[in-house]
Amino acid sequence: MVFTFTGQIHGGKNNMRITRNGIHYPDPKFEKWRTAQIYSLLTQKKNYINQLPIISDKYHWKFLYIPSDNRRRDVPAILDAVFHCLEKAGIVKDDCLIKNIYFKTNMPNKDNAGLLLVISDKKIS
C-alpha cells in the first residue's frame, strides 16, 4: 500500500497550544494541515478498502520524507503527526501497531515537499 502526504509536514507535538485554563488545542495552521491530510488519506484509502484498517503489527512502514527547506526537523514530531492522521483516517486501527519503521529524509524540494509512505507485509529495504 502506498500513501502520500503533500506539502511540508507539520509536527504535532510542536504545534499544540495551551489556554490559561490548561486546555490543550492545536495551532490553527496545524489543524488546517491535519484536516487536509486526513481528507486526502480518506480518498487514497479507497484503493485498499479490503486491506484496511490495519489491525496487526506485522507490517513494515517506509517513510520517505522530502522537506521544503534545509531547516532542522523534529522527526519524532513528524512521525507523531503522520501516525495521528493515519489513525484518524482509519488506515490503522491504533497507531501503537506501527512498529517496523524505516525513515529517510531526502534532499529539500520546495515544490515537491511531502512524504511517501509504503506499507508492506514484507521487509522493506
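Computed from heavy atoms alone, side chains included, the values below leave out hydrogens, waters and symmetry copies. All figures in this text were calculated on a predicted structure; none of them were measured in a lab.
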Quiz item: Can you list the steps and then say if Lys122 with His60 is a side chain to side chain contact (heavy atoms under 4.5 Å, CB included)?
Solution: CA-CA 7 Å; Lys122 295 179 177 72; His60 296 267; 5.6 Å; no
Self-check item: From Met107 atom CE to Asn70 atom CG, the distance as rounded to the nearest 0.5 Å
Solution: 6.5 Å
Quiz item: What distance do Leu41 atom CG and Leu52 atom CG have between them, rounded to the nearest 0.5 Å?
Solution: 10.5 Å
Exercise. Kindly assign one of parallel, tilted or perpendicular to the pair His10 and Trp33, based on the angle between their ring planes and the thresholds 30° and 60°.
Key: perpendicular
Quiz item: Between the side chains of Gln8 and Arg73, is a donor N or O closer than 3.5 angstrom to an acceptor N or O?
Solution: yes
Practice problem: Taking atom types as modelled, find out whether Ser40 and Gln44 have a side-chain donor-acceptor pair closer than 3.5 angstrom. | Solution: yes
Quiz item: Would a line drawn from the ring center of Tyr48 to the ring center of Phe3 be shorter than 6.0 Å?
Solution: yes
Quiz prompt | More than 12 heavy atoms from other groups under 6.0 Å of NZ on Lys45 | solution = yes
Quiz item: Hey, is CD1 on Ile55 packed in by over 12 heavy atoms from elsewhere, all under 6.0 Å?
Solution: no
Quiz item: Is Lys29 salt-bridged to Asp27, cutoff N-O under 4.0 Å?
Solution: no
Exercise. Say whether, by atom type as modelled, one donor and one acceptor occur between the side chain of Glu87 and the main chain of Asp95 under 3.5 angstrom.
Key: yes
Quiz prompt | Smallest separation among heavy atoms of Leu97 and Trp61, with atom names | solution = O-NE1, 4.2 Å
